[in-house]
Amino acid sequence: MNRELARLPIACLAGLALLAGAACSGDGTAGTPTPVPTTGTTTGASTPSSSPAGDDAFAGIAPCDLLTSGEVTQLGLTNPGEADQIGGAEACGWKVSGNGGLLAALNPTKGFADLDYEGEKTSPVKAGRYDAVLVEAHAGAENICHVVIEVSGSSSLQVISNLTAGSTDTAAACERATDAAELIAPKLP
């Protein structure tokens, strides 16, 4: 199980280079993240109507191409995004001037059930034609929200939004994540 992707925001708060530069801009307020339990999940998403399988699910897709320059501007993000590989997943991070950022991570071999969200506040949502799961205040951080788009039972895309470290506006973080997920979903296989 790849727990590193589910812990990306924890790494963000701790100063992980990509996220510190690309998604954690803020007022310098530091938190003390604590890992969540590492077994199972509290909820899952059902498989979408079209489900590409496994390793080829994201063939030819670059994470930084998931948002056009117009969409990046619409979301208030900086362009271009910064590409990286985190926990074995191709990812792209965009900043929001003075208010955190957004990260999109392609998980070609990890569906929602394979990611570590046990004990998290989750709810089913839709992102375009895909089933997805909204994860509010990941690891207790009220400034973070995830939307995990289930591309197939064995592949997913995480859209992670964070506000500045001192923020407690989970709703705003979730609004950014869901708005981005809606823009990204039509570009998925």
Visitor: So Val159 and Val148, do their side chains get closer than 4.5 Å, heavy atoms only?
Guide: no
Visitor: Minimum heavy-atom separation for Leu115 to Lys110, with atom names?
Guide: CD2-CB, 4.0 Å
Visitor: Just checking, is any N or O donor in the side chain of Tyr117 or His146 under 3.5 Å from an acceptor N or O on the other one?
Guide: yes
Visitor: Output yes when a side-chain donor or acceptor of Ser161 lies under 3.5 Å from a complementary backbone atom of Ala173, and no otherwise.
Guide: yes
Visitor: Using side-chain heavy atoms (C-beta onward) and a distance below 4.5 Å, is Ser156 in contact with Val151?
Guide: no
Visitor: Working to the nearest 0.5 angstrom, can you tell me the gap between Thr68 OG1 and Gln74 CD?
Guide: 8.0 Å
Visitor: Under a plain distance cut-off of 3.5 Å, with no hydrogens placed, do Ser155 and Ser152 share a side-chain donor-acceptor pair?
Guide: yes
Visitor: If only atom types and distance count, is the side chain of Asn99 paired as donor or acceptor with the main-chain N or O of Val96 below 3.5 Å?
Guide: no
Visitor: With distance as the sole test, does Asp84 use its side chain to make a donor-acceptor pair with the main-chain N or O of Ala91 at under 3.5 Å?
Guide: no
Visitor: With respect to Gln158, which candidate in Leu106, Val133, Asn107, Val147 satisfies the side-chain contact (heavy atoms from CB on, under 4.5 Å) definition?
Guide: Asn107
Visitor: Could you state the interatomic distance from CG (Leu103) to NZ (Lys95), rounded to the nearest 0.5 Å?
Guide: 13.5 Å
Visitor: Side chains of Leu157 and Leu188: does their closest heavy-atom pair fall under 4.5 Å?
Guide: yes
Visitor: So, do Phe58 and Pro108 sit near enough that their side-chain heavy atoms are less than 4.5 Å apart?
Guide: yes
Visitor: Strictly distance-based, threshold 3.5 Å: is any side-chain N or O of Thr178 a donor or acceptor partner for the main-chain N or O of Cys174?
Guide: yes
Visitor: Determine yes or no for a side-chain-to-main-chain donor-acceptor pair under 3.5 angstrom, with Arg176 supplying the side chain and Leu75 the backbone.
Guide: no
Visitor: Taking side chain as C-beta onward, heavy atoms only, is Cys145 less than 4.5 Å from Leu134?
Guide: yes
Visitor: Closest approach of Ala83 and Cys64, non-hydrogen atoms and distance?
Guide: N-SG, 3.7 Å
Visitor: Distance from Thr73 atom OG1 to Asn79 atom CG, nearest 0.5 Å?
Guide: 6.5 Å
Visitor: Say you draw a straight line from OG1 of Thr164 to CG of Asn143; how long is it, rounded to the nearest 0.5 Å?
Guide: 7.0 Å
Visitor: Could you give the distance from CD (Glu142) to CD (Glu136), rounded to the nearest 0.5 Å?
Guide: 11.0 Å
Visitor: Judged by atom type as modelled, is there a donor-acceptor pair below 3.5 Å linking the side chain of Glu150 to the main-chain atoms of Asp131?
Guide: no
Visitor: Any chance you could measure Thr168, atom OG1, to Leu163, atom CG, to the nearest 0.5 Å?
Guide: 9.5 Å
Visitor: So which atom in Ala104 and which in Ile184 form the shortest heavy-atom distance, rounded to 0.1 Å?
Guide: CB-CD1, 4.4 Å
Visitor: Which residue pairs satisfy the salt bridge (Lys or Arg N to Asp or Glu O under 4.0 Å) criterion with at least one member in residues 58-73, sequence neighbours excluded?
Guide: Glu71-Lys187
